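These notes concern the structure reproduced below.
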Amino acid sequence: MQNLPHHRVKLVAVLAASAIVPTLCATKVGAVESAQRLVVAQAADKASGDGLIKGVNATERKLLITHGPIAALNWPGMTMAFGIAPGIDLTGLAPGAKVTFTLSRDAKGLYVIDEIRRME
């Protein structure tokens with residue numbers, strides 16, 4: 001490299017780094033995702049939350065809810081879609097309704113709403 005002009009040395013260094021960085025990032029992201037799955041696997045089997053219904057999909061039995069933090073699961077407040085357990089009646093649940101709900105795991109290990117009621 002002694003015979004290469006200074007700007008070519010920098011270019012070689014940048015190209016080498018660009019080949020290594022995606023591999024390191026992918027490894028780190030994979031490790032973080034594994035750790036998160038472990039934390040979720042160790043989280044409570046039941047948890048409660050309060051939120052605001054943003055959308056209802058009765059065909060797929062899903063509710064889009066903006067909820068506050070759910071401490072039992074280490075979740076921050078966010079908007080997410082939840083499946084609804086088979087015995088839950090969706091009548092009266094519409095966008096804009098404030099609700100309190102309980103989550104439990106379904107057969108696939110996903111959290112679903114197994115109890116929900118409107119807050120007046």
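Keep in mind the model is a prediction, meaning the values are calculated, not measured. One-based numbering along the sequence shown.
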Subject >> Under 3.5 Å: donor-acceptor pair, side chain of Arg105, backbone of Val112 >> reply: no
Original post:
Can you tell me how far the CG atom of Asn57 sits from the CG atom of Leu90, to the nearest 0.5 Å?
Top reply: 9.5 Å
**OP:** Verify the cluster assignment for Ile70 and Met78: are they in a single hydrophobic cluster under the rule of side-chain heavy atoms below 4.5 Å apart?
**Re:** yes
Subject >> Side-chain heavy atoms of Tyr111 within contact of Asp106, under 4.5 Å >> reply: no
Subject >> Residue pair Met119 / Val99, side-chain heavy-atom distance below 4.5 Å >> reply: no
Original post:
Under a single-linkage definition using a 4.5 Å side-chain heavy-atom cutoff for Ile, Leu, Val, Met, Phe, Trp and Tyr, are Leu63 and Trp75 assigned to the same hydrophobic cluster?
Top reply: yes
**OP:** With rounding to the nearest 0.5 Å, note down the distance linking OG in Ser48 to CD in Glu115.
**Re:** 7.5 Å
Original post:
Is there a side-chain hydrogen bond (donor to acceptor under 3.5 Å, both in side chains) between Thr100 and Asp50 once you walk through the steps?
Top reply: CA-CA 4 Å; Thr100 184; Asp50 298 326; 2.9 Å; yes
Original post:
Using the ring of each side chain (for Trp, its six-membered ring), is Phe82 parallel, tilted or perpendicular to His67, with breaks at 30° and 60°?
Top reply: tilted
Original post:
Are Met80 and Leu93 co-members of a hydrophobic cluster defined by side-chain heavy atoms under 4.5 Å apart?
Top reply: yes
Subject >> Pairwise side-chain contact, Asp114 with Lys46, heavy-atom cut-off 4.5 Å (strictly under) >> reply: yes
Original post:
Are Leu52 and Ile65 linked, directly or through other ILVMFWY residues, by side chains that come within less than 4.5 angstrom of each other?
Top reply: no
**OP:** Check whether any side-chain heavy atom of Lys54 lies under 4.5 Å from a side-chain heavy atom of Pro95, and answer yes or no.
**Re:** no
Original post:
Leu103, Val56: one ILVMFWY side-chain cluster at the under-4.5 Å cut-off?
Top reply: yes
Original post:
Between atom CD1 of Ile88 and atom CD1 of Ile113, what is the distance when rounded to the nearest 0.5 Å?
Top reply: 8.5 Å
